[in-house]
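Each remark here refers to the structure printed beneath this line.
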Amino acid sequence: MPTTQKSLVLDKKFGNLVIQDTEIYKPGPGEILIKVQATSLNPVDWKIQKYGAFLEEFPAVLGTDVAGDVEELGEGVTEFKKGDRVFIQGRFENRASSFQQYTTAVAESVARIPPNFTYEQVAALPVVLTCAYVGLYNQQPYGLGIAPPVDESTQGTYAGTPIVVLGGATSVGQIALQLAKLSGFSPIFTTASLKHTEFLKSLGATAVLDRSLSSSDIISEIKKVTDKPINLLYDAVSSAATQQLGLDILSAGGQMITVLPLAVKVPEDKKVIPILGLLRSPENVELTRTLYHDKIAGWLEKGVIKPNNIEILPNGLAGIPDGLKRMEADQVSGLKLVARPQETK
C-alpha cells in the first residue's frame, strides 16, 4: 500500500488546478478507504474554482462523485472487505473528495456497484442522485415532502397527481423524472429541447414541452393534458428564467424545488425551496443512508434508475481541467464527463 497519491489540487482561492503528491488518509472509525477508479465532474467544481464558493481552506481537492474499490477498513466496519466495488457521494473536504486516487467515506452511506455496471457508469450518479432525491423526498422545509418510494406501499402512490420537471435533459432532471415515475406521478411534464423527446419519455416523462416556448404557451400545453392544479415542480435548471417559469406554472399553494439560490421574487401564495444536495448534511443523512445503503443498487439492477450517459476524459486527473472549462463554456449537453484517477501519470 503506497503512502502518497496523485491529487488534483486547487492551490488557492481563485487559483489553479495542479497535480500534486499528497498523503493517503487513514480511514477513521466507521469509515472505509476507497481506491478511486472513476469520478465525474459537476458544475459546482468549476464554480468553486471561479467564484470561491463553499471552501475556505486551501490547498483543496475538489470532486464529489466517487466510484472505486474498498482498500482499507476503519475500526468497526464489518460489512465490507477489501476489493468490494462501491460508490458514494464525497464531501467538500480533502479526505473525502474525489479528484484524487484514494479517498475516505462513511461506510453506512456507501452503495455497492451491481455486477453489470462499470465504475464509470455509477461515477456519474451520486451528486445528481442525491440532489434529485433530497429535493423530492426530504421533509419540508428541506424538500417537497413526497413519501420516499422505498417499498411497495410508497411506490406508485401518486398516480393521477401531476408533476413538472423543468430541464428534463439535465443530469439532475433525468434522475428526477425516473424517481417521479417510480413514485407513480402522472402526468409527468418536462421542458427540454425537443430532440430529447423520445429519450425523456423512456425515463418517464408523459409530455416533453419545448423549452423555448413562452410560459403562457407551456401552461396551455399542460392544460391540454390535465385540468388538475400543478402543486409540485422541480426546477433542475434554476436560472432566473426557469424559476420565473416555474412560479408561473405553479398553482396557488404550490411548491417548487430549485438547485440554485433564488433569483426571482416569490409570491406569498407559493413556496420555493432551494436545496443543497449534500449526502451528509444533518437534515439529509437518514434519507440518503437508506437510499445508498439499501436501495440504489437494487434499483440499478432492475433498471428502475439509469445513470446519465458519459464521456470518459483522457489522462486521468490531468484531463479534468479542460473538462471543467468545457462545462463552464456550456459545451457539454446530455451527458457527464468522467475521469479515471488511476490513469494519472
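All residue numbers in this chain count up from 1 along the given sequence.
For K82 and E71, the salt-bridge test passes: some basic side-chain N is under 4.0 Å from an acidic carboxylate O. Ionic pairing of K336 and E311 is not present here: no N-O contact between side-chain nitrogen and carboxylate oxygen is shorter than 4.0 angstrom. A salt bridge is defined here as a Lys NZ or Arg NE, NH1 or NH2 lying under 4.0 Å from an Asp or Glu carboxylate O, and R112 with D84 meets this definition. Using a 4.0 Å cut-off between charged nitrogen and carboxylate oxygen, K26 and E72 count as a salt-bridge pair. Salt bridge annotation for K325-E328: absent, with no cationic side-chain nitrogen under 4.0 angstrom from a carboxylate oxygen.
Considering every non-hydrogen atom in both A111 and I296, the closest pair reads CB-CG2, 3.6 Å.
Remark: R211 CZ is loosely packed, at most 12 non-hydrogen atoms of other residues, nucleotides or ligands lying under 6.0 Å away. Atom CD of E75 is surrounded by 12 or fewer heavy atoms from other residues, nucleotides or ligands within 6.0 Å. When the shell of 6.0 Å around CD of E286 is examined, it contains 12 or fewer heavy atoms from other residues, nucleotides or ligands. A 6.0 Å sphere centred on OH of Y119 holds more than 12 heavy atoms belonging to other residues, nucleotides or ligands.
Ring-plane geometry between F92 and F54 is classed as parallel, the angle between the planes falling under 30 degrees on a 0 to 90 degree scale with a further cut at 60. Classified by interplanar angle (parallel below 30°, tilted 30° to 60°, perpendicular above 60°), the ring pair Y133/W299 is tilted.
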Passes side-chain hydrogen bond (donor to acceptor under 3.5 Å, both in side chains), T64 versus Q89? Steps please. CA-CA 5 Å; T64 45; Q89 183 182 356; 4.9 Å; no
For a side-chain contact (heavy atoms from CB on, under 4.5 Å) check, start with the C-alpha distance between F87 and L300, then their side-chain angles and the critical distance, and finish with the verdict. CA-CA 12 Å; F87 67 104; L300 287 168; 3.9 Å; yes
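Between V208 and K201, the closest side-chain pair of non-hydrogen atoms falls below 4.5 Å. Within the 4.5 Å cutoff, the side chain of S7 has no heavy atoms near those of the Q20 side chain. For the pair L73 and P27, the minimum side-chain heavy-atom distance is 4.5 Å or more. The shortest side-chain heavy-atom distance between L337 and R326 falls under the 4.5 Å cut-off. You'll find the side chain of V259 stays beyond 4.5 Å of the side chain of D235, heavy atoms only. No side-chain heavy atom of I163 sits under 4.5 Å from any side-chain heavy atom of I230. P261 places none of its side-chain heavy atoms less than 4.5 Å from the side chain of P274. Counting heavy atoms from C-beta on, the side chains of T190 and L166 never come closer than 4.5 Å.
Under the rule for a side-chain hydrogen bond (donor to acceptor under 3.5 Å, both in side chains), Q101 has no partner lying at least two apart in sequence or in another chain.
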